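Written below as structure tokens is the structure these notes are about.
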Amino acid sequence: MHDRTKAPLACDFLHLRLRSPLVLASGIIGTSPTLLARAARSGAGMVTAKSCGPTPRAGHPNPVALDWGGGLINAIGLTNPGAEHEAALLAEAKRLLEPLGVPLVASIFAGTVAEFGQVAAVVAQAQPDLIEVNISCPNVGDEFGTPFAGLPESAAAVTDAVRRALASLPQPPPVSVKLAPNVPDIARIARAVAEAGADAITAVNTMPGMVIDAEAARPVLANRVGGISGPALKPVALRAVYEIAQAVDLPIIGTGGVLTGVDAAEMLMAGATVVGVGSAVWYRGVEAFAQINAELQQFMAAQGYGSVAELRGLALPPAARERRCAHV
Amino acid sequence: MHDRTKAPLACDFLHLRLRSPLVLASGIIGTSPTLLARAARSGAGMVTAKSCGPTPRAGHPNPVALDWGGGLINAIGLTNPGAEHEAALLAEAKRLLEPLGVPLVASIFAGTVAEFGQVAAVVAQAQPDLIEVNISCPNVGDEFGTPFAGLPESAAAVTDAVRRALASLPQPPPVSVKLAPNVPDIARIARAVAEAGADAITAVNTMPGMVIDAEAARPVLANRVGGISGPALKPVALRAVYEIAQAVDLPIIGTGGVLTGVDAAEMLMAGATVVGVGSAVWYRGVEAFAQINAELQQFMAAQGYGSVAELRGLALPPAARERRCAHV
Amino acid sequence: MSEALAGLHRPYRVASIRLENAATRTLVLDRSLAADPGQFVMAWLPDVGEKPFSLAGADPVCLTVAAVGPFSRALHTLAVGDRIWLRGPLGRGFAPPSPAGHALLVGGGYGVAPLRFLAERLLAAGWHVSAIVGARRAADLLLVEALAALGVRLWLTTEDGSVGLRGLATDAFDAALTAAPEARTTVFACGPVGMLAAVAALCRTRGLPVQLAWEAHMRCAVGLCGSCEVGAGWLTCLDGPVFPCDPTVALPMG
Amino acid sequence: MSEALAGLHRPYRVASIRLENAATRTLVLDRSLAADPGQFVMAWLPDVGEKPFSLAGADPVCLTVAAVGPFSRALHTLAVGDRIWLRGPLGRGFAPPSPAGHALLVGGGYGVAPLRFLAERLLAAGWHVSAIVGARRAADLLLVEALAALGVRLWLTTEDGSVGLRGLATDAFDAALTAAPEARTTVFACGPVGMLAAVAALCRTRGLPVQLAWEAHMRCAVGLCGSCEVGAGWLTCLDGPVFPCDPTVALPMG
Ligand SMILES: Cc1cc2nc3c(=O)[nH]c(=O)nc-3n(C[C@H](O)[C@H](O)[C@H](O)COP(=O)(O)OP(=O)(O)OC[C@H]3O[C@@H](n4cnc5c(N)ncnc54)[C@H](O)[C@@H]3O)c2cc1C
Ligand SMILES: Cc1cc2nc3c(=O)[nH]c(=O)nc-3n(C[C@H](O)[C@H](O)[C@H](O)COP(=O)(O)OP(=O)(O)OC[C@H]3O[C@@H](n4cnc5c(N)ncnc54)[C@H](O)[C@@H]3O)c2cc1C
Ligand SMILES: Cc1cc2nc3c(=O)[nH]c(=O)nc-3n(C[C@H](O)[C@H](O)[C@H](O)COP(=O)(O)O)c2cc1C
Ligand SMILES: Cc1cc2nc3c(=O)[nH]c(=O)nc-3n(C[C@H](O)[C@H](O)[C@H](O)COP(=O)(O)O)c2cc1C
Ligand code: FES
Ligand code: FES
């Protein structure tokens, strides 16, 4: 077998060498070590676990998700076993992923700035390769999330708390902060978390939305409101990545609506370093990773691109493109 | 002919009696009196002119719009002839609309809070039935719009300036403020403009987005970024209306992704008083208004609803639904 | 546009109701759905909840519901003319190989419902069909007459011996196979997880191809939330509910 | 997914280039498009711009481009193998009534390009086709040989009289009609707005059905921005570019 780290899809992300730029997005089958390993075997270059918080949460009652035609909507409600249990699952996941050469991302959320630091410290015990800080889950009302991603100050405060909590560890994992699309100026939020010490940015989480059944005269989700993902989110995510890429010199996990290899190429061209994949698992099965990898490689061959890095930022204004190639 | 104001689609909006709850959205063929009249003849209950600013603007170069599959994206760039000329067009439009019984909405934007007031005063000369204040156009960068709709303070300041500018008129027209979907908490913005004296709220404008052509490795719009409308926007708009309807006791022009009569019913159920229609003109032609009216009437008959007002707020939580029926 | 959008719930009306046994009734709905036996729908009652149900028929849509808890009891309160919302068909159903051969259906509890739907399809495609129907006691047996009426050769088992063989469905396995009209047998099973595992083990021993309709706790039903995981990484809603193996033993490929 | 999404630009490659006259060339592209004559595409050159062009052929796609300004000159710099992005087909094309009868095509300038495409379709459908082709001078005439080769009966006009009748395309109108093989004549015209209005007036006088391919300033091309309005409320990109009347005179219905 040839060296997969040299294949055209191999790429760098922070200190990591990935065999593919595709990253399993948080909350997508990332609830168990075996499912994380399955995404990795299918072709994900890096996998993100479901977000976990300080204590166990059952999540919302059904209906929690559906395909409304232009994309998906979900309000799972951050179902998770709590940080302590999650740390054990992450450790087991790491064991399964190691032989596959696929790094593991832990994802965390919390209700207060201080709690974010505490959860980060607990999951760090499992030595994930990256901790993603979900400050943007739109499905838990005012209880969690929304306010943190909505203002530069709160986004920065969470970033700072997580950094401090990890600083005392012998080998603190790098931190990516996951941003929400529903802000007036995402570049401002990106700059704030960059200044607060984020190592990377994940953009974007789902867009707040609602699906109503006219015959029932009711919102369909039991939680009434939910988050939009899939095809409808793609142009929103591309623009967010495009603006963040011009605002900060951090690597970006560009996420939202990527279903095909061409979609992945567009996300890289908007300025993403690697590409998150979530809803595609519904549209194409867990095999989505293998299929997107194959399509991306085919696109690159047809267009004469030799590496993933060559695609990065091609759709940015020329000056920003050069800056991004030089720095990130 | 029977009295159209008594037909099942007739409804009240502020002091106006509309023959249909469908409102031609701003920027959609609202560039001339004859096109506004055409939308009215097709079945719009009220029509909104293209937004106009203090001085003439040519707008952005082509490509300015396209259908990306899940919806539209546009960056027309607020092409307009300036407030003075617009006032003349509005007066002519009013003349054409009067015999049709269709009220006219003027739409304004500006670069500063003070200018908003000035533009409002100029277009008010044409005695439009409503002035819509577009604080949310996402296609002109930092030059106009975005900051105003993004923060409660700036949204309120614009509302207040427009109110004051109109206050000295003998019969000041009511004012609707048009909100942007890309905010962390649209209810806060709605409360701010309500407190500043808005008479109604229009929600929502387009969602910031970008479409990239992977083969060209470029954003497709000449302006690079644009605003998403059409089907992809519908769940976002429904949620915005749902949250605004619970936050304020103002009538709402619910706008975004309405293509069919059932879509219109959903928007009313989310809490809208009347329903904006824009992109449907691409999907179904100018005849869209007649078609949506017919479908809505058919839906109401099949489900046993006798009036548009009966649909209003049905998908809201019960307490909010009652409050809305009583007050708006 | 809603008809074209596969993932949205669509409202159906109850056209008729068939009482199957004391605790089980079949809701016959007013329209049909293109679907395979073994596929499921998510049934939604606004303000009540949403749960998975196997299709017990597709033309028209039928759901066979055992009243065991709040949601299934709510379904039992539906009267003719009432509405029920379904999204689907979801998941992978039974996939009979070709050419046609001998099918041995093994059903326990309401698992018999999709098997009756399957038997109709198999018979139409020229299969010989036998079925083992198991239950705790005679009163719990389901759809026995319906299967017999189709011309399916039947073996009944009850745990208390009140009807048929005393024991579990798997205890009739050898008898049913011996009586099989030909060697090319495929086993199709639906029922409690314990029964399915036992059927899978028996088939493994005998080298028989098997298709098992599994159950799991379903939430999103679109393959994303992970709550329906079975074994080491199978998603019941997306890879299943019908598996060509015991998913608690075999590994998914990728 | 892009092929399925009608509204996105799709890249084509220039397969060959035909020089039509000193200022006009036809780009023959590498693929076909299901479209009617009279429909148009928005042609996009990244970093350059986007403009409307009539389809001068659909199988393969052909664009006949007169170099008159920055964008059309950029199209003239394209070489075989270069890419050009098109969205469309957009708008309404010519809609020949049935049964087939006599078609009189009237073309001025690059307006002849879609008429050649139309002539091919009409002849295949059993129409008798005549055409008037007008230009300022002989050197500006377009596609005359191509039309003749199809078997179209031709009347040429030039303003300086260097070829054919001295005058405007409309000056050949009576002659062409007199020579028509049968009474059931439909007039199809494409060219400068002045010519179209004159053709429409002639047809009104004579009671002839007419279809006119109009031009207007196009921006969105999806019927929203209003910039292509012609007359009192027609949208050239959505209602046209082919109108069954003079859009500057008639009113749209709704
Ligand atoms: C693929 C599939 C097909 C099914 N087909 C049928 C069918 O044809 N007929 C039928 O009567 N029932 C069927 N079920 C079970 C059905 O979904 C409900 O679980 C059952 O009706 C009980 O729900 P309840 O609210 O009435 O009772 P509850 O009090 O919720 O539960 C009673 C029992 O059902 C189990 N259960 C609860 N929720 C779920 C769930 N979402 N998924 C799986 N098990 C659950 C519980 O563990 C408990 O043992 C199927 C389940 C699955 C997964
Ligand atoms: C429906 C339609 C079909 C067309 N078909 C053809 C065709 O088959 N072949 C062809 O050569 N040209 C065609 N055109 C014209 C073409 O779109 C361009 O306008 C032309 O190529 C000039 O563009 P330019 O940038 O080179 O020159 P410019 O300097 O921009 O313009 C030169 C002339 O074209 C006019 N013009 C500019 N932009 C537009 C526009 N967007 N729409 C209409 N007129 C404009 C100007 O008023 C000026 O008189 C068509 C136009 C329309 C509306
Ligand atoms: C069912 C579902 C559950 C999700 N759960 C989480 C989560 O727990 N944490 C998180 O950060 N993002 C979560 N997300 C958001 C995704 O990680 C991703 O940002 C989003 O879906 C956009 O990507 P996509 O269009 O590829 O799905 C979830 C998305 C879906 C669809
Ligand atoms: C081409 C186009 C131009 C628009 N121009 C304006 C405008 O000038 N002012 C404004 O307030 N909204 C403008 N909008 C937004 C619409 O009024 C409407 O809010 C939005 O398109 C969502 O509705 P829809 O999905 O029905 O199109 C424009 C939208 C489109 C598609
Ligand atoms: S039910 Fe959510 S993954 Fe299967
Ligand atoms: S070009 Fe925009 S409406 Fe026709």
Side-chain angles (χ1 to χ4, degrees), chain B residues 25 27-44 49-50 58-77 79 96 211-222 229-230 278-290, chain D residues 1-13 41-53 70-71 82-88 90-92 216-240 247-248 250-254:
Chain B
I28 311 297
I29 69 170
T31 45
S32 79
T34 40
L35 281 167
L36 288 163
R38 183 170 175 196
R41 282 200 308 279
S42 165
K50 170 81 182 166
H60 298 308
N62 277 5
V64 292
L66 75 150
D67 172 348
W68 50 273
L72 303 178
I73 188 165
N74 90 81
I76 304 289
T79 307
L96 295 181
V211 171
I212 289 175
D213 185 288
E215 272 223 22
R218 288 285 177 280
V220 178
L221 297 180
S229 63
S279 302
V281 169
W282 157 241
Y283 291 98
R284 312 185 74 182
V286 185
E287 307 73 34
F289 295 95
Chain D
M1 318 190 76
S2 51
E3 282 300 312
L5 308 176
L8 285 172
H9 296 88
R10 276 161 292 180
Y12 291 73
R13 282 187 194 274
V41 292
M42 292 297 280
W44 175 46
L45 294 178
D47 302 329
V48 180
E50 187 203 42
K51 292 239 161 148
F53 288 85
F71 190 77
D82 283 352
R83 282 177 302 189
I84 174 173
W85 279 255
L86 307 181
R87 64 182 163 110
L90 295 162
R92 298 188 192 167
H217 184 61
M218 300 231 178
R219 297 186 69 214
C220 73
V222 289
L224 302 180
C225 76
S227 83
C228 69
E229 184 183 13
V230 52
W234 293 102
L235 296 169
T236 307
C237 68
L238 209 61
D239 303 308
T248 61
L251 278 181
M253 284 313 296

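Since this is a predicted model, take the numbers as computed values, not measurements. The chains referred to below are lettered A, B, ... by the order of the sequence lines, with proteins before strands, and numbering in each begins at 1.
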### Message
Can you confirm whether D:L235 sits close enough to B:L35 that some side-chain heavy atom of one is under 4.5 Å from a side-chain heavy atom of the other?
### Response
yes

### Message
Heavy-atom cut-off 4.5 Å, strictly under: side chain, backbone, both or neither for B:A216 against chain D?
### Response
both

### Message
Report which part of B:P219 has an atom under 4.5 Å of a heavy atom belonging to chain D: side chain, backbone, both, or neither.
### Response
backbone

### Heavy-atom donor-acceptor pair, B:R41 side chain to D:P252 backbone, under 3.5 Å
yes

### Message
Quick one: does any side-chain atom of B:R218 pair with a main-chain N or O of D:D47 as donor and acceptor, under 3.5 Å?
### Response
no

### Task
Could you tell me the separation between the CZ atom of D:R10 and the CD atom of B:E215, rounded to the nearest 0.5 Å?
12.5 Å

### Summary
Separation between SG (D:C225) and CH2 (B:W282), nearest 0.5 Å, reads 12.5 Å

### Message
Less than 4.5 Å to any heavy atom of chain B: does that hold for the side chain of D:L45, its backbone, both, or neither?
### Response
neither

### Task
Report the residue from B:I29, B:I76, B:T31, B:L72 that forms a side chain to side chain contact (heavy atoms under 4.5 Å, CB included) with D:L224.
B:L72

### Query
Do you know which of D:M42, D:R87, D:E50 makes side chain to side chain contact (heavy atoms under 4.5 Å, CB included) with B:L66?
D:R87

### Task
Determine, for D:D239 against B:R38, whether the closest basic-nitrogen to carboxylate-oxygen distance falls under 4.0 angstrom.
yes

## Note on the structure
Heavy atoms of B:N62 and D:M218 approach each other most closely as ND2-O, 3.2 Å

### Message
Evaluate D:V222 against B:N74 for side-chain contact (heavy atoms from CB on, under 4.5 Å), listing each step before the verdict.
### Response
CA-CA 10 Å; D:V222 289; B:N74 90 81; over 6 Å; no

### Query
Without hydrogens or angle criteria, can the side chains of D:E229 and B:T34 be said to hold a donor-acceptor pair below 3.5 Å?
yes

### Summary
Assert top hit (heavy-atom pairs under 4.5 Å, partner chain D, pool B:A65, B:P63, B:S279, B:G278) equals B:P63

